[in-house]
Structure formats: structure tokens, C-alpha cells
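So the structure is just underneath, and the comments pick up after that.
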Amino acid sequence: MRWLSFLGQRRTQKKSSVSSSTRDPFGPDFERRLEELALLSRKLEKRRQSMERIQKQRGMGIEFADHRDYQPGDDPRLIDWNATERLEKLLLRVNEEHKDRKTFVLLDESASMGLPFFDTFERGQQLAAALSYLALRHFDQVAVGAFHDDVLSSEPLGRGAGRILRILRFLRSRQPMGGTHLESIARKFVTRNSHPGVLYLVSDAYDHAGVERALDSLRYARHVVHFVHVTAPNVTAFEERGDITLVDSETGEELDLTLSPVIAEQIEQTTLERSTRLERACRLRGIYYHHAPISESFERIVIRLLRASSTGFITSSES
Amino acid sequence: MTFAGLSLIDLSTIGVVSSAIILGLYRLRDHRPRRTIASLELYRNLARRSSSSKFLRYFFSIFTQFLLLSSLLIALSDPRIESTSQNNRHVLVLFDTSASMLAMEGTMTRVELGRRQLLRYIESVPPNTEVSLSTFDVALTPKTSWTNDRKALRSIAEGLKARPLPSRPTECLEQAANILKGTHFPELLLITDGARSLDETMHVPPSLRDVKLSSLTVGEAQENVAILGFAPRRRKASPSDVEIWLTIGNFSQRSRHLVVEISVDGHLVRTNPLTLSGFETKRQVEILTLGTARQLHAKLRFDSDQRDALAIDNDADAWLGSIRSGNLLLRTNGNLYLEAAVLSDPWVVPQILPLEGPPPSTPPDVLILDGGTLPRPIPCPTLWLNPPRNSDIVAAEPALVQVGFDTWERQYPALNQLELYDVQITRANRLATKKGDRILAQSGNAPILIERIIDGYPVLILGFDPRQSDFVLRPAWPLFIGQITEQLLDVKTPEISSSLVGFPVAVSGRTSADSQSKPRRIRSPNGTLFSVMTSQGKGVFFPEELGVYEALPDNENVKSEFYSVNLFSPDESRIEPLRPFTLGTNKTDIPDLTPVRERPSIVQSVLVMALVLLGLEWVLFHRRVLV
């Protein structure tokens with residue numbers, strides 16, 4: 001009776017075990033789904049075009065934008081002498097500088113993303129591909145990267161819808177491995193990309209050191225950060241009650257746990273608190289937080305992401 | 001300590017093996033399923049909360065399992081703690097079923113009182129004691145093997161009955177000693193009325209010296225009178241007259257006025273008043289003219305309405321032989337001693353002819369040959385004296401000179417009550433025997449008197465001429481000829497009229513030349529029938545009832561025979577109990593009859609505890625699975 005319960009648990013484990021390395025994360029109709037998503041995103045794009053699509057930077061451009069009073073320290077070469085003569089005060093000429101927006105998509109490829117039961121990495125791959133495709137369709141310069149431990153691998157910036165094939169090939173080649181050191185990755189990313197852009201960070205946020213310092217680094221670099229938090233149901237959703245040994249996918253550390261109803265309830269509570277805590281940390285730093293449970297399709301997640309961005313859920317740093 | 005037949009080592013082995021199995025299963029159980037999760041961060045705090053009790057729960061679980069195992073082992077082994085000195089006692093209970101146990105004690109017999117004592121003892125038998133129950137009277141009869149099953153012992157004890165048999169305690173104690181040989185802590189318990197046969201003069205086997213002796217005595221009554229002998233015999237001179245010898249004893253201190261009644265064939269013929277003083281035994285001789293009557297019955301009673309304690313010894317039966325004469329043919333060329341012996345026998349009609357003379361006018365019932373040759377076929381049972389040396393019946397060895405009867409078969413009817421040891425024989429022939437012959441007398445190793453079956457008739461052959469010995473000058477000579485004649489005439493000896501109960505009674509059967517055993521049916525006094533195997537015309541049975549046994553006739557010339565069986569045992573009639581009771585010179589202890597309280601079996605309670613533990617363990621470690 002009780003002695004043999006572990007056999008049944010082992011059978012359960014074998015049934016639910018699926019290898020993530022052999023499955024194509026995108027599937028045969030993935031391109032069609034991306035096209036449908038692109039059509040839907042255009043409507044939302046009109047609403048936020050002035051804010052995000054074209055980034056207007058007042059500076060060294062040739063198109064006149066406005067005059068402003070001279071301030072000590074301003075470049076004297078920018079003084080509009082004609083206007084100064086007419087209005088009898090020092091005025092500076094301010095021009096608009098048009099720049100293409102840069103979109104970065106970083107996918108967490110640490111081992112915690114590649115669990116055998118719930119393949120969060122596949123969902124991350126899909127989200128990264130979808131976000132990249134939408135950015136390319138809107139003429140952004142897009143760069144896709146993947147990271148684990150303190151290794152950041154990325155494709156160079158590029159433009160044009162045709163680049164999506166290269167991005168898909170890149171994403172398809174990634175395998176979950178190693179740990180998660182977001183702070184290190186954030187610093188590397190900021191160092192490599194000094195010009196601010198839109199950053200979609202797709203991760204499960206399982207970093208033993210915490211994600212706050214990484215978020216601070218990205219914010220400091222003035223990137224518009226969207227934190228896409230991919231989550232899978234916790235162990236209580238599929239595990240039978242009883243004694244189990246939990247193994248940390250990244251560190252290999254083991255922990256014996258007896259799953260009782262009370263413990264299961266506490267795990268649920270803790271999981272919820274963690275998501276809430278992460279969302280609060282993003283809000284405090286003006287970072288978009290998007291919850292992406294793998295129980296939802298990636299299209300719904302992307303649409304929800306676009307809507308949240310267009311409704312002004314913008315942090316102070318972006319303004 | 002006992003463990004339901006298991007030794008402590010066996011039980012420990014079972015416990016160790018079972019514990020090893022439990023530990024092994026727990027080790028298997030310890031290989032809990034492994035689940036790879038994204039991060040342990042979520043669970044680490046929870047594990048900290050539960051780890052404090054997890055360790056205890058694990059060991060509490062295995063402790064519960066061990067407790068469960070221990071409970072089951074204890075329940076199954078049913079351990080009992082006893083003192084070492086009483087381990088494996090073996091008590092042989094000898095229950096007296098002799099005639100004296102039929103004595104009345106108030107409204108109950110002694111055997112009923114003895115049964116009560118036995119049942120009380122059975123209730124007091126400790127659990128570790130093996131008991132074997134046997135009865136004893138003329139012999140020891142085992143009733144049970146060694147057992148501790150009180151129910152079986154009670155069942156046997158309640159069926160015990162006394163029989164009108166004398167007791168032979170010495171022989172029974174010998175058998176009891178053999179039964180107790182080799183047992184641990186042997187003990188012999190006698191349940192008896194303390195008959196006088198068990199007094200200090202009896203022989204106790206030496207092997208009982210190391211046996212603990214104990215006794216439970218029953219009975220207090222002392223008043224008893226008994227017929228100790230009843231021997232009627234026909235007078236030789238006048239067979240119609242019967243001489244009755246009657247022996248009567250008083251076994252109480254007080255004098256008794258008694259009446260003796262004698263019945264013949266069911267009719268009361270004589271009533272004699274009699275007075276016996278305390279412990280007096282008196283003999284009476286009565287001569288009655290009874291004619292051809294054969295069955296006699298004597299009854300002893302008080303002249304008042306009193307009754308004594310033991311009634312079975314107040315009656316006696318006797319059976320007289322029939323009056324019958326026969327034709328005897330004596331062929332001799334002149335033998336004064338032989339002719340005188342034949343002519344003095346009132347039972348036969350003699351006819352004396354020479355050896356080579358003409359045939360007799362009437363066919364003989366018995367033939368006596370004084371030398372000569374045996375006619376073939378022989379016409380009737382024959383006594384052949386001094387066969388010639390050239391006959392095949394005489395061995396080729398030289399004749400015996402100056403010899404005598406060294407051994408002879410005293411139980412043979414024709415030789416009964418004869419003393420032949422000082423007979424001097426000048427010259428005798430050594431008889432040649434063959435298979436089937438019965439040697440009746442020998443001189444050294446040489447047969448001088450044999451019985452042989454020839455042509456279906458018994459032939460007695462004497463190997464010497466009586467005139468060449470002093471046999472013919474002795475009183476035994478006419479008795480010898482007379483008893484042989486009576487035997488060959490198939491006339492029962494009138495003196496043998498009664499047998500003792502419990503002792504063998506010889507019954508005659510059909511004589512045949514093939515020596516095969518033949519059954520003879522016997523009807524007991526209570527009417528039941530049984531068979532006795534007879535060989536060469538003889539058989540034996542052991543009567544266990546008082547009264548008249550009848551050997552029924554068969555189809556081949558064997559007529560009905562009657563045997564009266566009586567007790568006639570002063571030891572049994574002297575019912576005064578021996579107090580204090582001793583077995584020979586050995587004092588006996590009185591066992592403790594305090595009932596052993598039936599200890600409730602711990603099996604049920606321990607099993608209940610095991611079930612509670614199992615339920616507790618289930619609730620503690622499986623409840624979450626059920627949710």
C-alpha cells in the first residue's frame with residue numbers, strides 16, 4: 001500500500017515528461033498567427049504613434065522645432081541671431097532630430113525556463129519571436145538576444161520583415177541551460193547598447209540574487225523596459241500529495257518536502273506574493289510588467305502587452 | 001517464558017527478519033519521487049517550517065511500524081511467564097475404577113465423587129502442565145495422551161465409570177512408571193478410595209522413587225459384608241447331591257445379623273440366618289439334593305432393611321456340570337491297577353476286553369488302550385498307555401531309565417490338582433512329537449505325555465507302563481484316570497463352578513485337525529454378544545461383569561457352556577478407606593485444587609492495539625493523500 005506509492009508517482013512522472021529539445025517551438029502555422037497578430041497591432045499602433053513609434057529628439061536635426069531662451073552653458077553656435085535681433089534677447093534654435101527606434105528582445109534561456117512539465121522556454125521563444133516580428137513590421141531596428149548565467153548572445157540590429165527568418169533561426173537554436181544572473185546580463189546589455197531603446201525582457205525572473213538591481217541598471221540607461229514574466233504553475237498543480245524531493249533546475253540543489261494540503265496552500269500563496277512583489281518592483285522603476293502565464297496563448301499575451309503599453313501605463317522614466 | 005511453542009531464539013529470528021523487511025521497505029519508501037522545479041526559493045521557507053517535524057514524523061512512522069510488528073508477534077506468540085521449577089510438568093492421573101469405587105457414599109457412588117475430584121483437579125492444572133489420564137483396576141487403561149486441553153480432559157473425565165473388577169495396583173504402578181519414564185518433572189496423582197490393596201505392604205516400583213506422588217482420596221463408608229466364596233460341587237458318590245462351600249465376611253467393626261439365600265435355577269431353596277461379629281469371616285458347608293439342576297445363586301442380605309455400602313459383592317453365582325455317563329472300552333491283557341481305577345469311576349459304564357479281542361457290543365465313548373496298537377480309524381477319544389517301541393509314536397532314542405515327571409501342564413484339565421513331581425518311573429519311552437502335538441508332561445526334555453489329534457479325536461499318549469512306576473500306588477492314579485475319562489467324555493469337572501471377574505476364563509471350541517482358529521460366540525450377563533477365537537479346542541476371554549456367561553453352541557457338536565463369574569475379592573470388599581493414604585511406604589501429597597483462573601488471551605487485546613496503531617499511522621501519514 002503505502003510502500004508502493006512511489007511507484008505510482010514515478011509512473012506519473014514518466015507520463016508527463018516531455019522533452020523540450022525535440023519540439024519545434026513555432027509550429028507550422030506560426031507565421032500565419034504572427035500575421036494575424038501584426039494586423040491587430042496596427043490599430044493599437046495609431047494610438048501611440050506620437051509617443052513611441054517615431055522618437056523625436058530635439059537636437060542636431062535640420063527641421064526647425066522651436067526657440068528657447070539661452071541658458072548659460074548652451075552652445076553659442078545654436079543661437080538664432082535673427083530671432084535675437086528681432087526680439088532683442090538671446091534665443092536658441094531648437095531642431096528636431098529623427099531617429100529609428102531600436103527594439104531589443106532578450107530571452108531568458110536559463111535552465112529554469114526549460115522544465116519538463118511546463119515548457120516556459122517554448123512560450124518565451126514564441127513571445128520573443130512575436131515581439132520581434134511586430135517590431136520589424138513597424139520598421140524598427142530589432143535585435144534579439146538570449147542569456148544564461150552571465151552569457152549574453154544576440155543577433156545584431158537589423159531592419160525589415162525578412163529578418164524574422166534569421167531571428168526565428170536564432171531562437172530555434174537556443175537551449176535552456178545554466179543559471180540566471182540578470183544583473184550581470186543587464187550591465188552587459190547597457191554597455192553594448194548605450195542608446196536607449198525598447199527592451200522586452202522575457203524571463204521567469206528566477207534569479208537567486210533578485211531582479212531589482214538588474215531593473216535599476218536598465219532604468220538608468222533610459223531604456224523603455226517591458227518585463228514579460230513567464231510563469232508556469234507551481235509544483236502543487238501536478239504533484240500528488242506526499243513526500244517528494246524538489247530539485248532546483250539551475251543549481252541542482254535538492255529539498256525534501258512533504259506536500260500536505262497546508263503546504264500546498266502556502267506554496268500557492270507564496271507564488272502569488274512573488275508575482276505581486278515583482279510587479280511592484282517594476283512599477284516603482286517605471287517598467288512595464290506583463291504577466292505571461294503559459295496557460296495563455298502567446299497571441300493573447302502579446303495583445304495584452306500592446307494594450308497595456310498604449311493605455312499609458314508608462315513609467316516616469318519614459319516620460 | 002513460553003511463546004506458543006516457539007523458542008525465544010525462533011521468535012527473535014522472526015522479529016529480526018521482519019524488522020529487516022520493514023527497514024528495507026522504509027528505505028525503498030525513502031526513495032521519494034524527484035521533481036525538477038524552476039527554483040527552490042519558493043519552497044525553502046516552507047521546508048524550514050516543516051522540517052522540524054519531518055524528522056520526528058519519519059522516525060515516529062517507523063517506530064509505529066516496529067510497534068505494530070512487536071504487537072503482532074506478541075499476539076501470535078502468546079507469551080506466558082511461569083516459574084522455572086514448574087516448566088513442562090507431566091502429571092499422570094490414575095483414576096481408580098475398581099469394584100470398591102462402586103460403594104455408595106450417601107446418594108452418590110465413590111466413582112462419582114472421584115469424578116468431581118478429578119474435574120476440580122483439571123480446573124487447577126496450570127497451563128504449562130501436561131496431563132495424561134488413565135484408569136486402573138486389573139490393568140492400567142490409558143484414556144488420553146499427554147495433553148493440556150482441559151476441554152478434552154473434562155470430556156473424558158465425565159465418562160469415567162467403575163467396573164466390578166478387582167484392582168492390581170502393583171502391576172498398574174509398573175505400567176505407570178513406564179509411562180512416566182523420560183518425562184520432565186513427572187508426577188503421579190492417584191484418585192482412589194484408598195483401597196486396602198494400596199497399603200504399606202504393596203510393592204512400589206523403584207522407578208517411581210523420583211516421581212512426585214500425590215493423591216486425592218474419596219469415600220468414608222466402612223460398612224460392608226460380602227460373599228467371598230461360593231463353591232458348589234457334586235458329590236462323587238451321589239451326583240445329585242451338591243456340596244456348597246460358602247464364605248462370608250464382615251468388614252465392619254459392628255456385628256451383623258445376616259441372611260443367606262440360596263436359589264437353584266431361579267427358585268429359592270434355602271434361607272440361612274447368620275451372625276457375624278466385627279471383621280469376622282465365616283465358612284459354611286451346605287449339602288443340598290439338587291438333581292440335575294445346574295444354576296445356583298447365593299444372596300446375602302441383612303435381616304433388617306439395612307443395606308451395606310457395596311452391593312455387588314452380596315451376590316454370587318455358580319454353575320454345576322451336568323450329570324452324564326458314558327461307555328468306556330478298556331482293552332488290556334491284564335492290568336489290575338488300571339481295571340480298578342476304571343471300575344471305581346461312577347460316571348462311566350466300563351467294558352473290559354483283551355487287546356486283540358472281538359469288537360465291543362456297544363460303541364464306546366472313550367477308549368483306553370493298555371499297550372498294543374492304535375486301531376485306525378480310531379472310533380472315539382482315546383487314552384493310549386505305553387505304546388510299543390516299534391510304533392512311530394516312540395522316538396528312536398534309548399529308553400529313559402529312572403526318571404520322573406519333571407514338568408507338566410498344571411492347567412490341563414486332566415492334570416488339574418495332581419501332584420506328580422515325586423512319581424518314580426523305572427523305564428519310560430521318549431515320545432516322538434510332531435507339529436500340532438501338545439506336550440503335557442516331560443522328563444527332562446523328553447516328552448512322556450502328549451496329546452495328539454488323530455482322525456478328529458483327541459488321543460492322550462502316556463510313554464510308560466504305569467506298573468513300571470509307583471504312580472499306580474499313589475492316590476493320584478485313580479484321579480488321573482478319572483479326570484482323563486471325564487475330559488474325554490467331555491464332562492465338565494464339577495468342582496470348577498465359578499471364575500473370578502477380570503481373570504481369564506477358558507472356553508472350549510470345536511476341535512479340528514487343521515488347527516485353524518475358530519470363533520466362539522459368548523453372551524455376557526447383560527445380554528451382549530462377543531466372539532472369542534478358539535484354537536485346538538481352547539479359547540480364553542476376560543470377563544468384566546458379574547453373573548453367568550454363556551458360550552453359545554455352534555453347528556458342529558459343540559454344545560452350550562456356562563461360566564459363572566464372581567468378584568470374591570476381600571481387598572475390594574474391605575471398603576474402609578486407608579487414612580492417611582500411603583503408597584507403600586511413600587507418603588503422598590495432596591495437590592492444590594485451587595482453580596487456575598483462565599488467563600484471558602492477550603491475542604485479542606494486542607491485535608486491537610495493533611489495529612489502533614495501524615489506524616494512527618494511517619491517519620498521520622496517509623490523510624493528506626485522501627484529501
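In what follows, chains are A, B, ... by sequence order, proteins preceding strands, each numbered from 1.
Side chain of B/S39 to main chain of A/Y206: no donor-acceptor pair is present (N/O by atom type, distance under 3.5 Å, no hydrogens or angles). A donor-acceptor pair under 3.5 Å is absent between the side-chain atoms of A/S112 and the main chain of B/A38, judged by distance alone. Remark: the backbone N or O of B/L40 is paired with a side-chain donor or acceptor of A/D248 at under 3.5 angstrom.
Around atom CZ of A/R172, more than 12 heavy atoms belonging to other residues, nucleotides or ligands sit under 6.0 Å away. Around CZ of A/R304, the count of heavy atoms belonging to other residues, nucleotides or ligands within 6.0 Å exceeds 12. The 12-atom threshold is not exceeded at CD1 of B/I590, counting heavy atoms of other residues, nucleotides or ligands nearer than 6.0 Å. A 6.0 Å sphere centred on CZ of A/R33 holds more than 12 heavy atoms belonging to other residues, nucleotides or ligands.
Heavy-atom distances place both the backbone and the side chain of A/E254 under 4.5 Å from chain B.
Here B/I37 contributes atom CD1 and A/L255 contributes atom CG; the two are 7.5 Å apart, rounded to the nearest 0.5 Å.
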